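One structure is given here, and the rest of the page talks about it.
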Amino acid sequence: MDFLLPLLLLMPLAGAVVVALLGSDGSRKALAMLASLATFAASLGLLQDGSALTAGEAVLAFQRPWFPEIGLSLHLAADGISVWLVLLTTFIMPIAIGFSNRFVSDRLGQHLALLLLMETAMVGVFLAQDLVLFYTFFEFTLIPMYFLIGQWGSENRVYAALKFVMYTLLGSALMLVAIVAIFVQTGTFSIPEIAATLPATAGSTFQVLGFLAFALAFAVKIPLFPFHTWLPDAHVQAPTAGSIILAGVLLKMGTYGLLRLAMPFFPEAFASYAPLLIMLSLIGIVYGALVALKQQDVKSLVAYSSVSHMGFIVLGLAVANTQAVSGAVLQMVNHGLSTGALFLMVGLLYERRHTRLFSDFGGLWKSVPVYCGLLLITALSSVGLPSLNGFVGEFTILLGTWQVSPAAAAVASTGVILAAWYLLTAFRKLAQGEIRHQENEVGVLPDLQRSELMMIVPLVIMFFVIGLYPNLLLDHIVPAVEILLP
């Protein structure tokens, strides 16, 4: 079954090529959806060997020579951490494609092809066991996302797309230099071999400079305060499918890279800078929440909410004990589901009213009760209501943080309170009160249709599955984290 790993890369890639060449929009829609659903079905094969996952081992591995003259190989593997991030990617992509199939008409083939290319690159990041292969996939994600924002975004889309690319490229340039330095030091690009040999051979100066190079690249991608300023622009200007993918998966590449590369490669430097990471994550949690409270645009609120919630994940990683890091990995999945769903719900509303301003809504519960009911569940998932997925991840992070710093846990807890404040206030402005605009009247504003329910209901089901049975994931995550932590 080792062929399954390259297959997960080739299926969406082949789908992207064929979709781009087809002439009929109907055929494009069907093939893009088929390619994404087939990739998701194939990715379920990663769960075939539960005993290996529970033992913290790689469930599958694939390795073939790439450029053997310089030690490069096509080395892919999946363990209890990467498996769930791959499944998150393949689960969300059909939802994003379903939205575009319904609402995008301009250059649809190109749009769908770019989404499938994004899927190949993101899955590649989570499976890569060669450092150059990781970097290649990591950087390649910029290309399709740049065009998605720049071609199908809102009025300031070109500015947002350029800002997104420039921030990420500048952050990654130093990482490329560090990768070359690591090869000179170790003679290999193999991520497992580097993690096993580099900490013992690298001097303290090398550790510090290497860590800072990697950490900067990942901090921009997360994005960690104060490197977050590209994110609200990108989210607000991006088309809905782009926002779903950006929040659902793309940001997790930063936290995954921090966990998979920066922490095991440079453990001494990481321990030295962990207090700084904790401080920046706490600032991001509180700052993002406070700014979200002041937003008048629904999508902008969700964007700043994402900055706040990503701070929880960085906090869990910086604390660096098994409980906090396992909670952070679980929260990567939870944030992808919850925030992706929030952007989906905002997009569905925007396609009906072509506005995202709170002042243009109110009283929607009377006219679109199904939409509002699902929106409320999605908001509560993001808030962290017990029995929903967000609670398990954030609570586990806070428990692990308390063991290291009760003060940091107390500050982070304010983010939970503030999240309830801004998200429930947003729901009140949208759904409660009297209908103030004729466009929102009963019978004028349509409720969710069957095809739209097929997008959001699977996400809502996963809120409850993870919230009620978190050990379905944690039983695999915890052993892998224990092996990975220095």
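Note that the structure is a prediction, hence the values are computed from the model and not measured.
- Sorted by first then second residue, the side chain to side chain donor-acceptor pair (under 3.5 Å) pairs that include residues 137-146, not counting sequence neighbours, are Glu139-Ser172.
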Audit row: Ser82, Tyr256, side chain to side chain donor-acceptor pair (under 3.5 Å) steps and yes/no: CA-CA 8 Å; Ser82 54; Tyr256 176 79; 4.6 Å; no
List the steps and the verdict of side chain to side chain donor-acceptor pair (under 3.5 Å) for Thr355 and Asp360. CA-CA 7 Å; Thr355 178; Asp360 291 326; 2.6 Å; yes
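- Smallest separation of non-hydrogen atoms from Ile278 and Ala408: CG2-CB, 4.1 Å.
- Outside the 6.0 Å centre-distance limit, the rings of Phe270 and Phe266 are not counted as a close aromatic pair.
- Using a 3.5 Å distance cut-off with no hydrogens or angles, the side chains of Ser382 and Ser338 do not pair a donor with an acceptor.
- The nearest pair of heavy atoms linking Ala341 to Thr378 is CB-CG2, 3.6 Å.
- The side-chain heavy atoms of Val329 and Leu473, taken from C-beta on, include no pair separated by under 4.5 Å.
- Taking the centre of each ring, His335 and Phe312 stay at or above the 6.0 Å mark.
- Closest non-hydrogen pair, Tyr371 versus Val346, comes out as OH-N, 4.1 Å.
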Before giving the answer on salt bridge (charged side-chain N to carboxylate O under 4.0 Å, His left out), spell out for Glu441 and Arg436 the whole-Å C-alpha distance, their side-chain angles and the decisive distance to 0.1 Å. CA-CA 9 Å; Glu441 292 286 350; Arg436 300 187 302 272; over 6 Å; no
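- Closest approach of Asn389 to Met462, counting heavy atoms only: CB-O, 4.5 Å.
- Using modelled atom types, one finds no donor on one side chain facing an acceptor on the other under 3.5 Å when comparing Asn101 with Arg28.
- Going from atom CD of Gln237 over to atom NZ of Lys163 covers 10.5 Å, rounded to the nearest 0.5 Å.
- Rounding to the nearest 0.5 Å places CG of Leu112 at 11.0 Å from CG of Leu117.
- For the atom pair CG (Leu169) and CG (Leu142), the distance works out to 5.5 Å, reported to the nearest 0.5 Å.
- Ring geometry for Phe218 against Phe214 counts as tilted: the plane angle lies between 30° and 60°, on a 0 to 90° scale.
- For Phe189 and Phe67, the ring centers are positioned 6.0 Å apart or more.
- For the 3.5 Å distance criterion, the side chains of Thr240 and Tyr350 fail to qualify, holding no donor opposite an acceptor.
- Checked for salt-bridge contact, Arg157 and Asp233 miss the test: no charged N lies under 4.0 Å from a carboxylate O.
- Taking all atoms of both residues into account, the shortest heavy-atom contact from Val392 to Gly467 is CG2-O, 3.7 Å.
- A donor-acceptor pair shorter than 3.5 Å cannot be found between the side chains of Arg356 and Gln296.
- Rounded to the nearest 0.5 angstrom, His75 NE2 and Leu127 CG are separated by 10.5 Å.
- Between Gly109 and Val19, the closest heavy-atom pair is O-CG1, 3.5 Å.
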Under the ring pair (Phe, Tyr, Trp, His ring centres under 6.0 Å) rule, what do Phe211 and Tyr273 come out as? Steps first, then yes or no, please. CA-CA 9 Å; Phe211 173 75; Tyr273 284 91; 5.8 Å; yes
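- Atom CG of Leu8 sits about 13.0 Å away from atom CZ of Phe126, to the nearest 0.5 Å.
- Atoms CD1 and OG, on Ile377 and Ser381 in that order, are 9.5 Å from each other to the nearest 0.5 Å.
- Atom CZ of Phe147 has 12 or fewer neighbouring heavy atoms from other residues, nucleotides or ligands inside a 6.0 Å radius.
- Within 6.0 Å of the CZ atom in Phe183, the count of heavy atoms belonging to other residues, nucleotides or ligands exceeds 12.
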